[in-house]
Amino acid sequence: GRPHVVVIGGGAGGASVARGLALASAGAIEVTLVEANPRYTTCFFSNLYLGGLRPIESLQFSYDGLTAAGVTVIHDLATGIDRGARTVALAGGAVLGYDRLVLAPGIDFVEGAVPGWTLDQADVMPHAYKAGPQTDLLRRMVEAMPEGGLFVMVAPPNPYRCPPAPYERACMIAHLLTQTNPTAKIMILDPKDRYSKQTLFENGWLKHYGGMIEWVNPEFGGADVEVRPETMEVLIEGEAQPVDVCNVIPAQKAGRIAEIAGVTDDSGWAPIRPDSLRSAIDPMVWVLGDAAQAAEMPKSAVAAHSQAGVVVASLLGELTGASVPPPLFVNTCWSALAPGDSIKLGGAYAPGYDRITQTGSFISRPDETEDERRLTYEEAFAWYDTLTAEIFG
Ligand code: FAD
């Protein structure tokens, strides 16, 4: 029969591979996608929902486009992988055999990364770092803040998904608060000395939100923060600070199924071959998106989609003998500072000897005109529509 490729995870990376492979192989390869949720809510632009600039429904996609492309879509949770027998076990009891396996499960959180916080407390101190109900909950909590209240974000250490996202989130929450609760404060507790697009963000905070946003670096108590969800307190250098909303974004690792499959290493991420994203541990497995150790490539939807193109070409070569073009990786991350004012950062990447390396980059200039910033803002909206159409059809 036809070779069977099973893809686990229907997000930016996995849905792109499943649909791309079904279309490009024109039926020569049987493609099955296993995805836990019936609908996907994009993390990308979820900060704009927090800022009131996008309705949540506009961030949600069904898998009908994948089915139409010939992908067999199974909504279930993959719970076990036997790499010897080449099978995937699903929570619902089914067992799928595969010839090649693609893992794109995104992220999970490192247990114990923020003392006092476990996933069970996410309904009190949300992460909102997997989009959907968590994003909605965070928005409602911000709207319910008392006048002049305090919003605290516990920012993650590197590497994590979407390096500029926590700082864009601060902008969008500030945008919401300036309209409804202008004396409220936002405090970002950061274990990092510096972060993505820092100067551009700091300029934007000053320009649009006055002194509303305070960034606390590790030297001043940003690191080693503890939380107490029961009393809504954050411990900064051992001192209890009462908070009204606390957004805990813990340290991250590859989605659990990658660990269960045994294709991750001590870093918590899956090592890959830089020319194909084939697992460095098992040649029958490919790993892409946030779960992969893509070295100098950031963890983003654009990066995951770009990697998907390389994975599809690699699988076509492997299973149909098609010639494999040299891999090309790109990334761009747009961030909204305020309505009509966005910045961007991007790069091109190529496989190096043992890792993916950056070959070029660009970043918005601090002295850009308002017109240039507005163009970047509009470009981001066009990008969102194009990318989601490419992923979901
Ligand atoms: P995901 O998109 O998370 O998909 C993983 C999928 O796998 C999920 O649907 C999940 O349900 C499924 N899954 C996991 N385990 C299993 C299992 N065992 N069985 C079945 N299904 C499973 N990126 C950008 O490019 N631009 C942006 O502006 C941007 N903004 C962001 C803002 C925020 C607030 C956040 C949090 C992220 C942002 N990102 C952005 C990053 C982007 O969302 C991720 O990098 C991207 O989604 C990674 O794709 P992925 O396929 O690796 O994982």
Side-chain angles (χ1 to χ4, degrees), residues 46-47 50-51 109-130 134-158 160-196 198 201-202 204-206 208-252 337:
S46 66
N47 286 330
L50 292 174
F109 302 114
V110 173
E111 293 88 12
V114 177
W117 191 91
T118 66
L119 205 48
D120 294 337
Q121 268 112 20
D123 54 347
V124 183
M125 292 187 169
H127 53 78
Y129 232 64
K130 295 185 183 187
Q134 276 279 301
T135 324
D136 208 37
L137 176 64
L138 188 63
R139 165 97 181 250
R140 281 186 281 113
M141 284 179 165
V142 173
E143 285 169 345
M145 268 170 74
E147 205 186 314
L150 177 64
F151 175 104
V152 166
M153 175 194 290
V154 180
N158 290 320
Y160 61 96
R161 73 170 17 163
C162 202
Y167 313 97
E168 178 190 58
R169 175 171 291 178
C171 293
M172 290 293 95
I173 287 170
H175 172 67
L176 194 69
L177 288 172
T178 43
Q179 299 159 68
T180 55
N181 192 347
T183 56
K185 292 271 180 250
I186 297 171
M187 187 191 280
I188 305 171
L189 300 171
D190 211 322
K192 303 182 292 298
D193 294 319
R194 68 188 99 85
Y195 58 85
S196 176
Q198 184 162 353
F201 275 115
E202 285 174 351
W205 293 347
L206 219 57
H208 297 289
Y209 309 114
M212 185 180 263
I213 302 172
E214 183 192 0
W215 179 69
V216 182
N217 70 18
E219 210 184 319
F220 290 92
D224 302 320
V225 168
E226 262 182 68
V227 297
R228 291 183 180 153
E230 315 73 40
T231 51
M232 283 304 282
E233 287 172 314
V234 173
L235 272 78
I236 306 170
E237 292 183 324
E239 227 169 279
Q241 164 74 55
V243 299
D244 297 295
V245 181
C246 188
N247 175 205
V248 177
I249 310 175
Q252 296 159 27
L337 300 174

Practice item. Take Ile236 and Met187 through the test side-chain contact (heavy atoms from CB on, under 4.5 Å) and record every step on the way to the result. Key: CA-CA 11 Å; Ile236 306 170; Met187 187 191 280; 4.0 Å; yes
Revision key, fill the gap. Closest heavy-atom pair, Glu233 versus Ala240, reported as atoms and distance to 0.1 Å, is OE2-CB, 3.6 Å
Exercise for review: Look only at the side chain of Asp190 and the backbone of Ala223, and say whether a donor-acceptor pair between them is shorter than 3.5 Å.
Suggested key: no
Practice item. For Lys185 and Gly148, indicate whether the former's side chain and the latter's backbone hold a donor-acceptor pair under 3.5 Å. Key: no
Review point. So, does Gln134 use its side chain to make a donor-acceptor pair with the main chain of His127 at under 3.5 Å?
Key: yes
**Study point:** Closest non-hydrogen atom pair, Lys192 against Trp215
**Key:** O-CZ2, 3.5 Å
Check your understanding: Quick one: are Leu176 and Leu50 in side-chain contact, heavy atoms under 4.5 Å?
Key -> no
Review point. Would you say the side-chain atoms of Arg169 pair up with the backbone N or O of Ala128, donor to acceptor, closer than 3.5 Å?
Key: yes
Point to revise | Trp117 side-chain N/O to Met125 backbone N/O, donor-acceptor pair under 3.5 Å | key: yes
Exercise for review: Mind running side-chain contact (heavy atoms from CB on, under 4.5 Å) on Glu202 and Leu206 for me, showing each step along the way?
Suggested key: CA-CA 6 Å; Glu202 285 174 351; Leu206 219 57; over 6 Å; no
Practice item. Check whether any side-chain heavy atom of Glu111 lies under 4.5 Å from a side-chain heavy atom of Leu119, and answer yes or no. Key: no
Point to revise | 4.5 Å side-chain heavy-atom contact, Trp205 and Met212 | key: no
Check your understanding: Nearest 0.5 Å, what's the CG-NE2 distance between Asn47 and His175?
Key -> 13.0 Å
**Study point:** 4.5 Å side-chain heavy-atom contact, Pro166 and Tyr129
**Key:** yes
Check your understanding: Val225 and Pro115: which non-hydrogen atoms are nearest, and at how many Å?
Key -> O-CD, 3.5 Å
Exercise for review: Would you mind reporting whether Asp193 and Glu219 have side-chain heavy atoms less than 4.5 Å apart?
Suggested key: no
Check your understanding: Between Val245 and Met141, which heavy-atom pair has the shortest distance, and what is it?
Key -> CG2-O, 3.5 Å
**Study point:** Close side-chain approach of Phe151 and Ile173, heavy atoms under 4.5 Å
**Key:** yes
Review point. In terms of the angle between their ring planes, are Phe201 and Tyr167 parallel, tilted or perpendicular, with boundaries placed at 30° and 60°?
Key: tilted
Check your understanding: For Gln179, does the CD atom have more than 12 heavy-atom neighbours from other residues, nucleotides or ligands under 6.0 Å away?
Key -> yes
**Study point:** Side chain proximity check, Tyr195 to Pro163, heavy atoms < 4.5 angstrom
**Key:** no
**Study point:** Residues, nucleotides or ligands: over 12 heavy atoms within 6.0 Å of Asn158 CG
**Key:** yes
Practice item. Answer whether the closest heavy-atom distance between the side chains of Val234 and Cys246 falls below 4.5 Å. Key: yes
Check your understanding: Closest approach of Ala170 and Ile213, non-hydrogen atoms and distance?
Key -> O-CD1, 3.7 Å
**Study point:** Minimum heavy-atom distance Leu150-Pro242, with the two atoms named
**Key:** CD2-O, 3.8 Å
Exercise for review: Flag yes if more than 12 heavy atoms outside Glu147 fall under 6.0 Å of its CD atom; otherwise flag no.
Suggested key: no
